[in-house]
Amino acid sequence: MRLELPDGKILALADGATGTDAAAAIGPGLARAALAVKVDGEVRDLARPLPPSPNGQPSRLEVITNRSGDDALELIRHDTAHVLAEAVLELYPGVKISIGPPIEGGFYYDFEFPNGVVINDEDFPAIEARMREHIDADEPFVRQDVPVSEALERFAAEDQDYKVELIEDLIRNADPAHPLETVSLYTNGRFTDLCRGPHSPSTKRIKVFKLQSVAGAYWRGDSSRQMLTRVYGTAFFSQADLEEYLENLERARANDHRKLGPQLGLFTFSDVSPGAAFWLPRGTEVFNELVALSREMGRPRGYEEVKTPQIYDSSLWVTSGHWDKYRDNMFVTEYEGRQMAIKPMNCPGHCQLYSMQRHSYRDLPVRYWEPGLLHRREPGGVLHGLLRVRHFAQDDAHIFCTEEQIQDEVAGVLDFAFATYEIFGLDVRLELSTRPEQRIGADELWDRSEAALQRALEAQGLDYVVHEGDGAFYGPKIDMHMTDSLGRSWQLGTCQLDYNFPERFHLVYTGADNAEHQPVLIHRALMGSYERFIGILLEHFGGELPLWLAPVQAIVLPIADRHLDYAESVLTRLTDARLRAEVDARGESVSKQVRDAELRKIPYLLVVGDRELQDDQVSLRQHGQGDRGTVAVDDVISQLGRQVNRRSRA
RNA sequence: GCCGACGUAGCUCAGCUGGUAGAGCACUUCACUCGUAAUGAAGGGGUCCCCGGUUCGAGUCCGGGCGUCGGCUCCA
């Protein structure tokens with residue numbers, strides 16, 4: 001067989017040659033360092049025969065070593081997961097093992113511990129020590145392809161119910177034309193696991209590893225099933241790499257908005273209202289700037305601001321379908337014998353508002369925008385700083401349009417979204433979510449809606465992934481996602497196409513034919529919730545918000561008390577120019593004032609002393625950039641003003 | 001909601017095996033009036049998350065609740 005190496009050379013080997021043979025043929029050093037081979041993109045064990053190339057062309061072959069980056073890390077992390085299971089089985093007799101894949105940054109393994117056994121991170125040292133023994137023992141990973149019946153018997157005999165279930169599912173899900181005959185098992189030491197592979201040659205290839213945390217995780221991700229104990233860990237080829245990884249994690253934690261927010265005096269939380277932020281004056285400034293941005297950008301795009309009630313009769317929620325599907329997640333109240341609910345979303349209110357007017361086709365699209373306050377009864381376990389709250393405001397709009405206008409409107413929403421994200425330099429990922437199992441409306445309407453959204457995405461040549469079944473109960477949607485400081489993904493914007501609410505609310509417009517027609521509804525939010533958006537922004541900027549958004553844009557630092565009057569006069573001029581500024585009047589040393597202002601990440605520090613006072617100047621210092629020299633007060637004001645007006649990011 | 005951990009001053013944390021609470025920062029006052037990342041001294045400040053229990057005695061042990069954190073499930 002012929003193989004093409006990364007440098008373009010062609011390697012000829014006998015048929016049936018293994019990955020080991022290939023590595024050895026290239027060089028003895030490589031053979032020693034080899035962990036696996038990658039053939040036409042598929043990572044395979046060294047010991048396995050290389051697959052015949054599909055079309056007579058040479059297969060592309062790459063030998064994976066510890067310098068192969070993620071491919072190599074994934075291998076040893078998967079190896080480490082096996083060693084973890086091996087150690088846990090020995091230390092906790094009766095434990096049932098389920099699955100243990102490599103993941104971004106590490107691996108996990110899920111266990112069911114025997115009754116009454118609870119483990120936590122205090123148990124890690126003992127488990128790690130046992131793992132270390134197996135690694136030092138240099139146990140080879142041996143692959144065996146065995147008949148399914150044999151595998152089933154084996155795991156049933158060991159009471160490994162989860163493995164039995166996995167094999168049974170593999171059998172069930174196999175292509176009927178090619179029923180499953182064998183499954184692969186990997187053995188290292190006395191431990192054998194059902195596993196697709198691949199693995200490195202032996203446990204000795206794991207250099208450094210660390211168990212990180214335990215967590216609960218449902219078997220097969222199904223909340224109606226057994227909760228297992230998941231142990232997370234990671235592995236690297238060197239101690240230095242591990243340490244760098246841990247330091248990065250630590251740094252990311254410093255950028256956590258839950259830390260930055262209170263630190264910068266933006267918001268806090270209190271037990272008296274879990275899941276709802278208390279916005280301090282500085283945070284409220286930031287919040288209001290974002291609302292102003294939405295308003296300012298929406299106006300020329302034809303959005304009209306409206307205000308709708310917070311609390312509605314349950315009949316409205318029955319009409320919208322929320323009463324059936326989401327009542328448990330709404331705050332319900334009652335007075336004067338009427339059942340009421342606080343709005344968890346704005347759409348029913350906007351539909352109600354639309355329905356109370358007459359609309360001509362000439363008026364469409366109607367675009368109602370409202371930075372509406374919403375409350376959702378989120379279960380306690382899901383709350384997360386500003387990113388998942390019970391009380392929040394959305395930059396929510398509802399577009400009522402004709403079917404012919406859908407393409408343009410969705411395109412307009414996407415343009416608006418990208419224009420917004422561009423201001424902050426945010427990269428978003430697009431997801432198209434299609435009809436969920438629990439839904440309202442005819443399938444034919446869903447067909448049209450999904451197709452329309454897909455066309456809009458493709459017309460603009462945008463990259464997106466499809467999430468089957470993740471749509472809203474009333475329509476499919478395009479979601480825009482961002483990642484937080486710890487790599488978790490959060491939805492910001494959404495654009496949802498809905499034929500259902502217009503029908504349920506009997507929405508109409510008068511067409512050119514003087515007959516009544518039903519409009520289509522587009523739900524959209526771009527920042528998502530202002531709360532979540534601020535959380536993401538704080539992490540994105542590491543707390544160093546751009547000048548236009550900074551809660552305090554400039555602080556005047558008097559060198560001595562005799563400069564206080566001058567400092568105050570500079571402050572007045574800054575404030576008159578609509579800049580958010582302060583004077584540090586504490587009488588501390590300049591060094592101390594500078595330090596504190598830098599820690600508060602205030603963009604500009606204006607130091608004033610005898611020299612500046614004389615010439616109507618300030619000594620300008622920019623956050624993180626140091627001294628910028630002496631500048632006339634008027635120049636500072638106009639310079640900052642320009643920067644604010646441009647909403648520049650620098 | 002589920003699994004695990006945690007909950008001490010505004011913040012960050014210390015408080016060993018139960019004997020009635022401590023530091024740094026912040027804050028107040030006084031002195032210093034200072035030229036770009038911490039001037040010094042003194043002082044005020046705590047239902048040790050809440051409710052029960054064990055005990056002569058609970059911040060510390062036990063049970064329940066609430067909240068937070070890490071995950072899982074969910075997220076209109």
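In what follows, chains carry the letters A, B, and so on, assigned in the order in which the sequence lines appear, proteins first and then strands, with residues in each chain numbered from 1. As the structure is a computational prediction, the values presented were derived from the model and not from experiment. Side-chain atoms are counted along with the backbone in the values below, which use heavy atoms only and exclude waters and symmetry mates.
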- request: Please check the phosphate of B:A26 (OP1 and OP2 only) for any side-chain N or O of A:Lys592 closer than 4.0 Å.
  value: yes
message: Quick check on B:C72: is either OP1 or OP2 less than 4.0 Å from any side-chain nitrogen or oxygen of A:Ser223?
response: no
- prompt: In Watson-Crick or G-U wobble terms, both distances under 3.5 Å, what is the partner of B:C48?
  reply: none
field: N/O (side chain, A:Arg621) to phosphate O (OP1/OP2, B:A37) under 4.0 Å
entry: yes
query: Any donor and acceptor pair, going by atom type alone, linking the side chain of A:Asp615 with main-chain N or O of A:Glu612 inside 3.5 Å?
result: no
- prompt: Within the structure shown, what part of the strands sits under 4.0 Å from A:Asp121 by heavy-atom distance: base, sugar-phosphate, or nothing?
  reply: nothing
query: Does OP1 or OP2 of B:G35 have a side-chain N or O of A:Arg611 closer than 4.0 Å?
result: no
- prompt: Has A:Arg586 got a side-chain N or O lying under 4.0 Å from the OP1 or OP2 atom of B:C32?
  reply: no
- prompt: So which nucleotide from B:G4, B:C72, B:A76 ends up closest to the side chain of A:Val214?
  reply: B:G4
query: Which part of the nucleic acid, if any, lies within contact of A:Glu588, taking any heavy atom under 4.0 Å across all strands shown: a base, the sugar-phosphate backbone alone, or nothing?
result: base
- prompt: Reckon A:Arg488 has a side-chain N or O less than 4.0 Å from the OP1 or OP2 of B:G70?
  reply: yes
- request: Compute the ring centroids of A:Trp369 and A:His398, then answer whether they are less than 6.0 Å apart.
  value: no
query: Phosphate oxygens OP1/OP2 of B:A76: is one of them under 4.0 Å from a side-chain N or O of A:Lys477?
result: yes
message: Applying a 4.0 Å non-hydrogen cut-off, can you work out what A:Pro274 is touching in the nucleic acid: base, sugar-phosphate, or nothing?
response: sugar-phosphate
message: Classify A:Arg562 by what it touches in the nucleic acid, base, sugar-phosphate, or nothing, heavy-atom distance under 4.0 Å.
response: sugar-phosphate
- prompt: Which part of the nucleic acid, if any, lies within reach of A:Val607 when heavy atoms closer than 4.0 Å are counted: base, sugar-phosphate only, or nothing?
  reply: base
- request: Would you mind classifying the nucleic acid contact of A:Leu228 as base, sugar-phosphate or nothing, using non-hydrogen atoms under 4.0 angstrom?
  value: nothing
- prompt: Touch check for A:Thr229, heavy atoms < 4.0 angstrom, all strands: base, sugar-phosphate only, or nothing?
  reply: nothing
- request: Under 4.0 Å between any heavy atoms, over every strand shown, what does A:Tyr108 touch: base, sugar-phosphate, or nothing? Just pick one.
  value: nothing
field: Phosphate OP1/OP2 of B:G70: any A:His384 side-chain N/O under 4.0 Å
entry: yes
task: Report yes if a side-chain nitrogen or oxygen of A:Asn120 is closer than 4.0 Å to either non-bridging phosphate oxygen (OP1 or OP2) of B:G4; otherwise report no.
output: no
message: Applying a 4.0 Å non-hydrogen cut-off, can you work out what A:Glu612 is touching in the nucleic acid: base, sugar-phosphate, or nothing?
response: base
message: Under 3.5 Å for both donor-acceptor distances, Watson-Crick or wobble: does B:U68 have a partner, and if so which one?
response: B:A5
task: Check every strand shown and say whether A:Asp596 touches a base, only sugar-phosphate, or nothing at a heavy-atom separation below 4.0 Å.
output: nothing
statement: Scanning both residues in full, the closest heavy-atom pair of A:Ala341 with A:Met330 reads CB-SD, 4.3 Å
- request: Give one of base, sugar-phosphate or nothing for A:Gly587, where a contact means two heavy atoms less than 4.0 Å apart.
  value: base
